[in-house]
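Reading through the structure tokens given below for one structure.
Since we're looking at a predicted model, the values are computed, not measured.
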Amino acid sequence: MSRIAVIGGHGKIALLLAPLLVEEGHSVTSVIRNPGHAAEVQAAGATPVVADVEQLDVDGIAEVISGHDAIVWSAGAGGGDPERTRAVDQDAAIRSMDAATQAGVGRYVMVSYCGAGSDHGVDPDTPFFAYAQAKAAADEHLRATDLDWTVLGPSGLTLDPPTGSIQVGREGSGKVSRANVARVIAATLRANGTSRRTIEFHDGSTPIGEAIG
């Protein structure tokens, strides 16, 4: 059994992930900002911890995650305000990585997006630009750490039911169900071969465990 902290624990993917991890015998801490979401997190089998990572410094985040074996970053500002996007998707994410190092939490799984990176090619005049910039900076920082990291890059998210099968790479359907993303995260935490890799994926025909190796 591992203790896994999911930052952004009330997100759609996180709420699908928690029961999968609990079923595997793990203890899940879901870090949430709004105490009103605690009951829904508990119903998914996780232990809610109310902490606003946007406001916490490295020491504060380290205190929240101390004693865990792995971190899953599934938080986000949700687009819209560029300043808040940078504050959450970039700055808070980077602080959480530094906090993981400080707290001795070696495993770190980042939920990014397919096509993320300094070469994202997003038009600066579009609302998505701030998010693309923030994710590129956060992913780059993670790759430069000594953490046992994996960057996951799902394509366009849907609410379709899980199929348990994906296609790895930038070329593909351009969409993936959140339920499949949750299964990819769980499989990533199980598989040693995912360490220090970036895995971009779509819904596809290859079973998840086989696809991510």
Side-chain angles (χ1 to χ4, degrees), residues 1-100 102-103 105 107-113 127-128 130-131 134-135 138 142 152 154 156-162 176-186 188-189:
M1 183 185 79
S2 294
R3 292 192 66 200
I4 300 169
V6 180
I7 301 177
H10 185 254
K12 292 184 177 69
I13 291 172
L15 288 173
L16 294 167
L17 172 64
L20 298 177
L21 296 177
V22 171
E23 187 177 343
E24 292 182 8
H26 303 300
S27 172
V28 180
T29 300
S30 287
V31 181
I32 57 176
R33 186 167 58 95
N34 184 347
H37 294 155
E40 196 171 357
V41 165
Q42 286 178 313
T47 300
V49 170
V50 178
D52 188 351
V53 294
E54 183 181 354
Q55 302 300 327
L56 291 177
D57 60 11
V58 171
D59 289 344
I61 298 175
E63 185 175 343
V64 170
I65 63 176
S66 179
H68 290 81
D69 302 296
I71 295 171
V72 176
W73 178 276
S74 190
D81 180 1
E83 286 190 15
R84 183 154 190 270
T85 295
R86 186 165 49 252
V88 176
D89 293 279
Q90 176 178 309
D91 298 344
I94 287 172
R95 288 197 301 275
S96 77
M97 299 163 198
D98 296 344
Q102 180 174 309
V105 183
R107 188 72 170 105
Y108 193 110
V109 176
M110 165 60 73
V111 180
S112 187
Y113 73 94
F128 190 68
Y131 177 77
K135 294 302 280 187
L142 180 58
L152 296 177
L157 300 173
T158 75
L159 293 172
D160 293 340
V176 62
S177 70
R178 288 174 172 84
N180 270 350
V181 176
R183 281 157 175 75
V184 169
I185 296 169
T188 296
L189 289 165

- [ ] List the steps and the verdict of side chain to side chain contact (heavy atoms under 4.5 Å, CB included) for Val28 and Thr47.
- [x] CA-CA 6 Å; Val28 180; Thr47 300; over 6 Å; no
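- The nearest pair of heavy atoms linking Ala103 to Ala62 is CB-O, 3.8 Å.
- Within 6.0 Å of CD in Glu63 there are 12 or fewer heavy atoms belonging to other residues, nucleotides or ligands.
- Note that CZ of Arg95 is 10.5 Å distant from CD of Gln90, once rounded to the nearest 0.5 Å.
- By the 4.5 Å heavy-atom criterion applied to side chains, Gln42 and Pro48 are counted as neighbours.
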Quick one: side chains of residues 76-88, donor-acceptor pairs under 3.5 Å with protein atoms, not counting sequence neighbours, listed by atom name and distance.
{"residue": "Asp81", "atom": "OD1", "partner": "Glu83", "partner atom": "N", "Å": "3.0"}
{"residue": "Arg84", "atom": "NE", "partner": "Glu54", "partner atom": "OE1", "Å": "3.0"}
{"residue": "Arg84", "atom": "NH1", "partner": "Ala77", "partner atom": "O", "Å": "3.4"}
{"residue": "Arg84", "atom": "NH2", "partner": "Glu54", "partner atom": "OE1", "Å": "3.3"}
{"residue": "Thr85", "atom": "OG1", "partner": "Asp81", "partner atom": "O", "Å": "3.0"}

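- Distance alone, capped at 3.5 Å, places no donor-acceptor pair between the Arg107 side chain and the Leu189 backbone.
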TODO: Kindly indicate, with the supporting measurements, whether the criterion side chain to side chain contact (heavy atoms under 4.5 Å, CB included) is fulfilled by Asn34 and His10.
DONE: CA-CA 9 Å; Asn34 184 347; His10 185 254; over 6 Å; no
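- For residues 79-98, no residue pair satisfies the ring pair (Phe, Tyr, Trp, His ring centres under 6.0 Å) rule, not counting sequence neighbours.
- In this structure, the side chains of Ile7 and Ser96 come closer than 4.5 Å at one or more pairs of heavy atoms.
- Taking CG from Asp98 and CG from Leu142, the interatomic distance works out to 10.0 Å, rounded to the nearest 0.5 Å.
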What pairs of donor and acceptor atoms, side-chain ones from residues 12-25 against any protein atom, are under 3.5 angstrom apart with sequence neighbours left out?
{"residue": "Glu24", "atom": "OE1", "partner": "His26", "partner atom": "NE2", "Å": "3.4"}
{"residue": "Glu24", "atom": "OE2", "partner": "Arg190", "partner atom": "NH1", "Å": "2.3"}

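- Taking Ser177 as the reference, nothing meets the side-chain hydrogen bond (donor to acceptor under 3.5 Å, both in side chains) condition, with sequence neighbours excluded.
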May I have the list of side-chain donor-acceptor pairs in residues 64-74 shorter than 3.5 Å, sequence neighbours left out?
{"residue": "His68", "atom": "ND1", "partner": "Ile65", "partner atom": "O", "Å": "2.9"}
{"residue": "His68", "atom": "NE2", "partner": "Thr29", "partner atom": "OG1", "Å": "2.8"}
{"residue": "Asp69", "atom": "OD2", "partner": "Arg3", "partner atom": "N", "Å": "2.7"}
{"residue": "Trp73", "atom": "NE1", "partner": "Ala75", "partner atom": "O", "Å": "3.1"}

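- Across Met97 and Ala138, no two heavy atoms sit closer than the pair CE-O, 3.3 Å.
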- [ ] Run the numbers on His37 and Val50 for side chain to side chain contact (heavy atoms under 4.5 Å, CB included), then give the verdict.
- [x] CA-CA 9 Å; His37 294 155; Val50 178; over 6 Å; no
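- Pro154 and Leu152 make their closest contact through CD-O, 3.3 Å (heavy atoms, listed as atom of the first residue, atom of the second, distance).
- Across all non-hydrogen atoms, the minimal contact from Tyr108 to Ala93 is OH-O, 3.8 Å.
- Residues forming a salt bridge (charged side-chain N to carboxylate O under 4.0 Å, His left out) with Arg178 (at least two apart in sequence, or on another chain): none.
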Open item on the list: Assess the residue pair Arg33 and Gln55 against the criterion (side chain to side chain contact (heavy atoms under 4.5 Å, CB included)); give the C-alpha distance rounded to whole Å, side-chain angles, the decisive distance to 0.1 Å, and a yes or no.
Closed with: CA-CA 10 Å; Arg33 186 167 58 95; Gln55 302 300 327; over 6 Å; no
